[in-house]
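From a predicted model like this one, the values you see are computed outputs, not experimental measurements. If you read the sequence from its start, that first residue is 1, and numbering goes on from there. Whatever order the structure lists ligands and atoms in, that order sets their numbers, starting from 1.
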Amino acid sequence: MKILLFGKNGQLGWELQQTLAPLGELYAVGRAELDLQDLSALAAFIRERRPQVIVNASAYTAVDRAEQERELAFQINAHVPRVMAETAHSLKAVLIHYSTDYVFDGGLGRPYIESDAPNPLNMYGHSKLAGEQAIRQIGGAYLILRAAWVYSLRGDGFVRKVLQWSRSQSVLKIVSDQVSNPTWARSLAEITSSLFANTRNDFLNYVQEKAGIYHLAGSGCASRLEWAREILEFDPRKEEQAARELLPALTSDFPTPARRPLFSALNCSRFERTFHLSLPNWKESLRLAMKPVQ
Ligand SMILES: NC(=O)c1ccc[n+]([C@@H]2O[C@H](COP(=O)([O-])OP(=O)(O)OC[C@H]3O[C@@H](n4cnc5c(N)ncnc54)[C@H](OP(=O)(O)O)[C@@H]3O)[C@@H](O)[C@H]2O)c1
C-alpha cells in the first residue's frame with residue numbers, strides 16, 4: 001500500500017511517521033518538500049505519486065493568530081483538504097483527515113456527538129469546519145477524525161508549558177472552566193494505523209462504506225486544571241518543581257484574541273461501535289507519555 005502523509009513534522013504527523021511506516025510504502029511530506037499554500041503544486045504532487053491512501057496531519061493550528069491570519073488559516077485548513085479530497089477521489093484513494101472539537105461552541109453541557117450542530121467561536125474553528133464541509137461535499141472514501149486537546153512531549157503544547165511554568169513559578173493558576181479530552185498524539189497515530197489492520201486488501205471499499213465524521217479523542221474528560229494536576233503528578237523530574245500551589249482560574253482571567261469553547265468534550269461511541277477500537281483513558285495515556293525513556 002502506498003501512503004502519502006502530509007504534516008510529518010507536527011505533533012501528530014511525527015507520530016504517524018512511526019506508526020504508518022510498517023504498513024507499506026510511506027512517503028512523508030513536510031513544509032521543506034512542499035509548501036501547502038501552493039494548491040496547484042499540491043494536486044500535481046499527489047497525482048505524480050499516485051498514493052492509495054492520503055493521511056493529512058497538516059493544519060494551521062495557531063488558534064489566536066488565526067484571528068489575524070484568516071486567509072492563511074482557510075488556505076491550509078479548508079482549501080488544502082478540498083484539493084486533497086478532489087485528488088484522492090479522482091485517483092480512487094482513501095483520505096484520512098483530522099478535525100477538532102473547536103468546531104463546537106461548548107455550550108451544550110454534555111459531550112458532543114457527530115450529529116450535534118457545529119458553531120465555531122473562532123476563525124480556527126471556522127476554517128476547520130470549512131475543511132470538513134469541503135471533504136464531505138466531494139465524498140468518496142474519506143474519514144474525518146475529530147480530535148481534541150492533542151499533545152505530545154515534543155513541541156510547545158500545554159504539557160510542556162505546564163512543566164516550564166512549574167519550574168519558574170511558585171503558584172500556578174490554571175483555568176478550570178475549559179473541559180475537553182486530552183489526546184496523546186502517539187495514541188491517535190496508533191489507532192489511525194490500527195484502522196488499516198481492520199481490513200486486509202480492500203481498504204478503499206472498507207473506508208467508502210464507513211465514510212464520514214467520527215469523534216476520536218482520549219477517553220474521559222478533564223478541565224485544564226485537572227490535566228495540569230496530573231502533569232505535575234507524572235512529572236519524571238518532580239524535584240525540579242518550584243510550584244507549591246495549583247489554583248483554579250477562569251477563562252475570563254486570561255483574555256486571548258480567540259474565544260475558546262468551555263465544554264467541548266467529544267463522545268467517541270460512534271467510532272468505537274464502527275471500528276471496534278477505542279483510545280485509552282486520558283490519564284493512562286498521559287502517564288505513559290510522561291514516563292522517562294529508559
Ligand atoms: N493541537 C491540538 O490541540 C488539536 C486539537 C484538536 C484537533 N487537532 C487537529 O489535529 C491535527 C494535527 O494537529 P497537530 O497538533 O499535530 O498540529 P501541528 O503540530 O501544528 O502540526 C501541523 C503541521 O502542519 C504543517 N503545516 C502548516 N502549514 C503548512 C504549510 N503551508 N505547508 C506545509 N506544511 C504546513 C506544519 O508544518 P511546520 O512544522 O513546518 O510548521 C506542522 O508540521 C490537525 O488537523 C489539528 O487541527 C489538533
Tyr60 side chain to Gln75 side chain, donor-acceptor N/O pair below 3.5 angstrom: no

Polar contact flag for Thr100 and ligand 1 (N/O pairs, less than 3.5 Å): no

Any donor-acceptor N or O pair under 3.5 Å, side chains Ser166, Gln241: no

Contact (N/O only, under 3.5 Å) between Val150 and ligand 1: yes

Ligand 1 to Tyr124 polar contact by distance, N or O atoms, under 3.5 Å: yes

Side chain Asp253, main chain Leu250, donor-acceptor under 3.5 Å: yes

Contact with ligand 1 for Ala148, non-hydrogen, under 4.0 angstrom: yes

Of all pairs that satisfy side chain to side chain donor-acceptor pair (under 3.5 Å), the ones with a partner from residues 16-25, not counting sequence neighbours: Thr19-Ser193

Ile76, any N or O under 3.5 Å of ligand 1 N or O: no

Exam field: side chain Ser127 to backbone Asn77, donor-acceptor pair closer than 3.5 Å: no

Nearest protein heavy atom with distance in Å, relative to atom 9 (C) of ligand 1: Ser99 O, 3.8 Å

Check: Tyr60 N/O within less than 3.5 Å of ligand 1 N/O: no

Six-ring centre of Trp14, Arg186 cation under 6.0 angstrom, axis tolerance 45°: no

Ligand-side contact atoms (ligand 1) for residue partner Thr61, heavy atom cut-off under 4.0 Å: 17 (O), 18 (P), 20 (O), 46 (C)

Nearest-contact summary for atom 41 (O) of ligand 1 - protein heavy atom, Å: Arg31 NH2, 3.0 Å

Protein contact of atom 19 (O) of ligand 1 - nearest heavy atom, named by residue and atom, plus distance: Gln11 N, 2.9 Å

Residues that Tyr112 engages under ring pair (Phe, Tyr, Trp, His ring centres under 6.0 Å), provided they are two or more places apart: Phe104

Contact (N/O only, under 3.5 Å) between Gly10 and ligand 1: yes

Polar proximity ligand 1 side, Ala59 side, N/O cut 3.5 Å exclusive: yes

Nearest protein heavy atom with distance in Å, relative to atom 32 (N) of ligand 1: Leu36 N, 3.0 Å

Donor-acceptor contact below 3.5 Å, side chain Gln52 vs main chain Lys2: yes

